[in-house]
Student: 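One structure, as structure tokens, below. Some questions next.
Values reported hereafter were calculated over all heavy atoms of this structure, with side chains retained and with hydrogens, waters and symmetry mates removed. In this text, all values refer to a predicted model and were calculated from it rather than measured experimentally.
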Amino acid sequence: MTTPSYSPSLPVPAGQRVFGARDLFSLWFSLGVGLMVLQLGALLAPGLGLAGSLAAIACGTAVGVLLLGAAAVIGSDTGLSAMGTLGLALGRRGAVLPALLNLLQLVGWGAFEIIVMRDAASLLATRAWGEGSALASPALWTLFFGALATLLAVTGPLTFVRRVLRKWGIWLLLGACIWLTWNLFDKADLGAIWARGGDGSLPFALGFDIAIAMPLSWLPLIADYSRFGKRARSVFGGTAVGFFLGNFWLMSLGVAYTLAFAPSGEVNALLLALAGAGLGIPLLLILLDESENAFADIHSAAVSSGILVPVKVERLALAIGALCTLIAWFAPLAEYQNFLLLIGSVFAPLFGVVLVDHFVLRRRREELAPRRALRWDTLAAWFCGVAVYHLLANFMPEVGATLPALLLAGGLQVLLGSLSRGRGSIGASVSR
């Protein structure tokens, strides 16, 4: 059974907005859990140590999920897809640029997810059956996980969340996280690790930017799912609490397992350490859960593409899933820290603008959105925010770039948006 196809440019009918807090908690806890999140924790571990990493993760994730929950409310308020909501803030043509950027980053994320799943599955298969086994073939797992993620994307979010995640998927994930946590406390000397500290190679502000980049990377697609939400309060709470719990828990485990069992920081060393817990079953469950992240990337890439080309979302999901699988077939898994920061440089200022436009200038009322092809005030605020992000990242990395760029872009939007509305009101009065 597939979810009915909804136009990215039209709101979901009120009677078909069925997600409650539990649905959204299940979805976003699941999306906050994954091998990519564990590996991101491993990036922070050497430079910040356990205490510094946990502080950076807690601060970055907390701020990130507040923004994520607020962006989710825009979807539930309007019933529009993520790129549809951008049309209210940027204008019909202005939304084309972020739609293209979103499509680019989601195809990249989808391919990354398939690569991570492939490498982990190959490692587990080699550990179980030996290096020469056919089940250890990376090509086999690339095709398997690419096909699985594409199938989930074609079926759509309603079927996946309500029939899989809510009923049993969330419980398996919780069990896996609890087992990995128990294994860590049982086998690692956390007191000694806490006292050791980091080597100082990573400033705390940069660690914060890396941590906040994970929830921010979901901002350009969250409305694709929250538009099916019943009430704004449930949408905000389920999204923010679910993602914070999953992301903080798994990223912290990535830090601790790296420092305790894989001090070299190599991806394979971390995966081998995780595979040693519970006969590899918890890692296997998290590996299967990673397909949900790839599902979200492929489905939302299809929705973003629907803004640009008049093709059904299901067909676009099929094509994009095949593209992600093809990229994963040829691309090696490289360090993606710079990729995360590049995403933050574009989308953090953008959603500073979008959130201010929706909550401050329009006060959550869609009908107050100016009906223009381009909103130059909003675009100017966004571009200034991106420029400030890169200036700070290059010349003052110790300060951090994400929050200053987001706040500056939002502040400019208040100023420029108010001026633009004032001119519009004067023009309307004169014309009458």
Side-chain angles (χ1 to χ4, degrees), residues 6-10 71 74-75 78 80-114 149-150 153 213 216-225 227 293-328 331 336 338-355 357-358 369 372-387 389-390 405-406 409 413:
Y6 298 100
S7 169
S9 303
L10 297 175
I74 300 178
T78 63
L80 293 170
S81 69
M83 293 302 106
T85 63
L86 292 184
L88 300 176
L90 302 177
R92 186 179 67 257
R93 293 181 183 173
V96 171
L97 176 58
L100 287 170
L101 293 173
N102 193 42
L103 175 61
L104 178 63
Q105 70 125 350
L106 288 174
V107 168
W109 270 119
F112 269 133
E113 299 288 358
I114 294 170
T150 303
L216 289 191
S217 70
W218 293 105
L219 282 176
L221 62 154
I222 188 168
D224 296 339
Y225 309 95
R227 62 180 176 153
N293 296 48
F295 139 77
D297 294 327
I298 294 170
H299 174 76
S300 286
V303 174
S304 291
S305 301
I307 295 287
L308 307 172
V309 291
V311 178
K312 284 187 175 181
V313 169
E314 292 84 355
R315 295 179 181 177
L316 289 169
L318 188 62
I320 290 169
L323 175 61
C324 290
T325 305
L326 187 65
I327 293 172
Y336 60 101
N338 292 333
F339 181 56
L340 281 170
L341 294 177
L342 179 62
I343 291 170
S345 76
V346 174
F347 288 111
L350 173 61
F351 277 87
V353 168
V354 170
L355 292 171
D357 184 71
H358 183 76
R372 305 178 199 159
L374 285 173
R375 288 187 58 187
W376 293 107
D377 54 327
T378 308
L379 291 169
W382 176 26
F383 294 156
C384 287
V386 174
Y389 184 103
H390 285 282
L406 185 147
Q413 176 59 14

Student: Could you list the residues that satisfy side-chain contact (heavy atoms from CB on, under 4.5 Å) with A296, not counting sequence neighbours?
Tutor: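 So A296 forms a side-chain contact (heavy atoms from CB on, under 4.5 Å) with L31, W218, L221, Y225.
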Student: Supply the atom-to-atom distance F112 CZ to L106 CG, rounded to the nearest 0.5 angstrom.
Tutor: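 So the CZ of F112 and the CG of L106 are separated by 13.0 Å.
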Student: How about Q413 and T378: do any of their side-chain heavy atoms sit closer than 4.5 Å?
Tutor: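 Contact flag for Q413/T378 side chains = yes.
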Student: If we only count heavy atoms from C-beta on, is the L80 to L88 side-chain gap below 4.5 Å?
Tutor: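 A side-chain contact exists here, since the closest heavy-atom pair is under 4.5 Å.
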Student: How long is the span from the OG atom in S217 to the CD1 atom in I222, to the nearest 0.5 Å?
Tutor: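 S217 OG to I222 CD1: 10.5 Å, rounded to 0.5 Å.
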Student: Go through the steps for V313 and H299 under the test side-chain contact (heavy atoms from CB on, under 4.5 Å), then give the verdict.
Tutor: CA-CA 8 Å; V313 169; H299 174 76; 4.1 Å; yes
Student: Among residues at least two apart in sequence or on other chains, which ones pass side-chain contact (heavy atoms from CB on, under 4.5 Å) with R93?
Tutor: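 So R93 forms a side-chain contact (heavy atoms from CB on, under 4.5 Å) with A373, L374.
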Student: My understanding is that only residues two or more places apart in sequence, or in another chain, count here; which of them pass side-chain contact (heavy atoms from CB on, under 4.5 Å) with L103?
Tutor: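 With neighbours one apart ignored, the set is V107, A301, S305, I320.
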Student: Got a second to check how far D297's CG is from C324's SG, nearest 0.5 Å?
Tutor: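 Reported value, rounded in 0.5 Å steps: 7.5 Å.
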Student: Verify, without hydrogens or angle tests, whether R375 (side chain) and A89 (backbone) share a donor-acceptor contact under 3.5 angstrom.
Tutor: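 Such a contact is found between R375 side chain and A89 backbone.
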Student: Mind checking the CG-CD1 spacing from L86 to I74? Nearest 0.5 Å is all I need.
Tutor: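 Reported to 0.5 Å precision, the distance equals 8.5 Å.
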Student: Not counting sequence neighbours, which residues clear side-chain hydrogen bond (donor to acceptor under 3.5 Å, both in side chains) with N102? List them please.
Tutor: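 N102 satisfies side-chain hydrogen bond (donor to acceptor under 3.5 Å, both in side chains) with Q105, S304 only.
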Student: Hey, what do you get for OG1 (T85) to CG (L355), rounding to the nearest 0.5 Å?
Tutor: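 Reported value, rounded in 0.5 Å steps: 9.5 Å.
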Student: Among all residues two or more places apart in sequence or in another chain, which pass the side-chain contact (heavy atoms from CB on, under 4.5 Å) test with L101?
Tutor: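 Residues passing side-chain contact (heavy atoms from CB on, under 4.5 Å) with L101: L97, V346, F347, W382.
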Student: Could you grab the distance from atom CG of L90 to atom CG of D357, nearest 0.5 Å is fine?
Tutor: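 Reported to 0.5 Å precision, the distance equals 8.5 Å.
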